[in-house]
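Data first, discussion second: the structure below is written as structure tokens.
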Amino acid sequence: MADHPHEHGHDSGHSGHSHDHGPATPASRRLRRIIAAVLIPFAVAVVAGMVLMWPGRLPAHASTGLGFDQATVTGTVTATRSAPCDAGAPPTAGATAAENACTLVTVRLTSGKDAGTSVQQTLTPDQTAVYSAGEKVVMDYQPTAPVALRYTVSDADRSFPLAILAGVFALAVVLVGRLRGLAALVALAISFGVLSLFVLPAILKGEDPLRVAVIGGGAIMFLALYLCHGLSARTSVAVIGTLASLSLIGVLGEVFIGLTHLTGNTSDETSLVHSLYTGIKLPGLLLAGVIIGSLGVLNDVTVTQASSVWELRAADPTMGARALYRAGIRIGRDHIASTVNTLVMAYAGAALPLMLLFSIANRGIWTVATSELVAEEIVRTLVGSIGLIASVPLTTALAALVASRDGRKPLPRQRSGSGSSGGAPAAEPVAAGSRHRHRR
């Protein structure tokens with residue numbers, strides 16, 4: 001694997017958060033052997049774990065015919081009109097008689113055994129959904145119910161607009177990221193494939209959620225990082241840093257989920273899943289969610305830190321491990337400050353309705369914070385943040401150690417066409433800090 005003449009030159013200022021650092025200098029054979037000795041056993045363990053725990057076909061469960069366990073078909077609203085409510089329909093307090101009127105919705109089915117036929121449903125004033133003619137909807141289907149009640153409007157059909165949004169997102173990624181963006185989309189598809197084909201079915205089959213999350217997260221980590229950032233010592237250092245941080249998150253999560261006596265049964269979704277598959281361990285499911293949720297942010301931090309150290313080494317080949325660590329950790333501190341806040345705000349945004357509910361409750365803030373609903377989010381946020389913080393010095397130290405002992409010097413950057421005629425372009429050494437300015 002040969003070095004390229006302008007492998008380390010960048011004409012623009014460098015930000016600590018950017019991942020586009022150009023090709024990494026190939027590591028020496030000795031370093032490659034050391035890194036392989038660390039990563040290959042874990043990769044083998046991930047593959048073996050996926051083979052041994054591969055779920056195959058999901059076991060059947062006792063169908064309840066309710067909620068998410070109900071069959072659905074699609075349809076198109078053909079007409080809506082006001083209609084008198086049934087005697088049992090509750091009126092809306094403070095509303096006029098017109099506002100308290102019910103809505104009769106006519107829907108033509110577009111899938112299922114009754115496709116092409118029309119059904120009607122009366123929507124009461126307390127239902128928030130509003131439908132109009134031409135709108136596509138999802139219908140719940142209950143075959144054992146009376147004929148007039150077998151089909152009920154469940155939700156709007158959002159397939160088409162979401163597909164357009166996904167297409168715009170993919171186009172933007174490819175246009176801006178080019179080949180790197182295309183690789184990121186492939187990695188994203190692989191990640192969803194691992195989640196949908198291995199992680200979720202294995203948990204439903206009764207495997208320990210923690211082990212499933214570690215094996216599935218490890219597979220996602222290997223495939224996503226190496227596919228997006230290439231097979232290099234720099235990427236391998238990021239993989240090791242991510243692996244160590246995920247291990248810390250797993251240990252802390254298991255300890256504090258036990259100490260705080262979290263059951264993991266805090267939502268209708270978990271209750272329904274547990275009623276259908278009683279063998280699922282809900283505390284383990286909570287811990288698996290913490291690990292999977294932290295994986296993406298950890299990948300971002302570890303790749304950035306490893307790339308920053310390699311760029312510092314490229315800018316000044318005389319820097320030793322200590323100098324590389326000091327410069328890299330200064331970048332990492334900025335990264336920690338912004339990323340931890342991002343992580344906390346992401347969890348707060350997801351729990352915003354819950355926070356609103358507790359803000360109007362007549363309870364003290366400490367009582368609210370220690371209730372299981374809120375404590376679950378606190379444990380999830382703080383455990384993930386601790387692992388994130390630990391990943392910065394850990395990855396930076398490992399990257400500094402590996403980069404400083406590589407023994408390879410970056411080739412001098414060549415000046416193209418600067419006054420020389422007929423001969424080879426004059427070599428221009430890369431001055432320390434001249435093309436790589438890291439923000440503190």
Side-chain angles (χ1 to χ4, degrees), residues 37-61 187 190-226 236 238-267 269-299 302 376 379-388 390-391 394:
V38 175
L39 290 179
I40 287 179
F42 181 71
V44 171
V46 167
V47 174
M50 292 189 74
V51 171
L52 293 175
M53 292 192 292
W54 191 261
R57 193 172 182 178
L58 283 179
H61 65 271
I190 291 174
S191 299
F192 274 107
V194 172
L195 287 174
S196 60
L197 297 178
F198 173 71
V199 174
L200 300 180
I203 292 175
L204 290 176
K205 197 174 181 181
E207 298 287 352
D208 180 60
L210 175 58
R211 286 189 296 172
V212 173
V214 170
I215 297 298
I220 292 172
M221 177 186 64
F222 272 112
L223 294 170
L225 286 180
Y226 282 119
S236 298
V239 170
I240 295 173
T242 303
L243 172 61
S245 302
L246 279 179
S247 301
L248 176 62
I249 289 173
V251 172
L252 289 176
E254 188 164 21
V255 169
F256 282 96
I257 286 174
L259 289 177
T260 53
H261 303 287
L262 296 178
T263 64
N265 190 13
T266 56
S267 67
E269 291 81 8
T270 52
S271 298
L272 178 58
V273 169
H274 191 251
S275 67
L276 298 178
Y277 294 91
T278 55
I280 294 178
K281 302 173 184 177
L282 294 184
L285 186 62
L286 173 61
L287 180 56
V290 173
I291 292 175
I292 297 295
S294 302
L295 183 60
V297 184
L298 279 176
N299 285 348
T302 55
E376 180 178 299
V379 170
R380 192 197 312 267
T381 302
L382 296 185
V383 166
S385 298
I386 291 171
L388 178 66
S391 71
L394 178 64

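This one's a predicted model, so the numbers in the text were calculated from it and none came from an experiment.
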**OP:** List for me each residue that meets side-chain hydrogen bond (donor to acceptor under 3.5 Å, both in side chains) alongside Thr260, sequence neighbours excluded, and say none if there are none.
**Re:**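 If we apply the side-chain hydrogen bond (donor to acceptor under 3.5 Å, both in side chains) test to Thr260, skipping adjacent residues, there are no hits.
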Considering all heavy atoms, the nearest [X]-[Y] contact:
X: Ile280; Y: Ile203; answer: CG1-O, 3.6 Å
X: Ile292; Y: Ala213; answer: CD1-O, 4.0 Å
X: Pro41; Y: Val38; answer: CD-O, 3.6 Å
X: Leu295; Y: Leu246; answer: CD1-CD1, 3.4 Å
X: Met53; Y: Glu207; answer: SD-OE1, 3.7 Å
X: Leu298; Y: Ser245; answer: CD2-CB, 3.8 Å

Rounded to the nearest 0.5 Å, how far does [atom2] of [Y] lie from [atom1] of [X]?
X: Phe198; Y: Lys205; atom1: CZ; atom2: NZ; value: 11.0 Å
X: Ile220; Y: Asn299; atom1: CD1; atom2: CG; value: 9.0 Å
X: Leu287; Y: Ile257; atom1: CG; atom2: CD1; value: 4.5 Å
X: Trp54; Y: Leu197; atom1: CH2; atom2: CG; value: 5.5 Å
X: Leu243; Y: Leu248; atom1: CG; atom2: CG; value: 11.5 Å
X: Glu254; Y: Leu259; atom1: CD; atom2: CG; value: 11.0 Å

Original post:
Does CZ belonging to Phe222 count more than 12 external heavy atoms closer than 6.0 Å?
Top reply: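 Enclosed.
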**OP:** Indicate whether the side chain of Thr302 and that of Ser391 have a donor and an acceptor atom separated by less than 3.5 Å.
**Re:**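 No donor-acceptor contact under 3.5 Å links the two side chains.
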Less than 4.5 Å apart, any side-chain heavy atom of [X] and any of [Y]?
X: Tyr226; Y: Val239; result: yes
X: Thr263; Y: Leu286; result: no
X: Ile386; Y: Val383; result: no

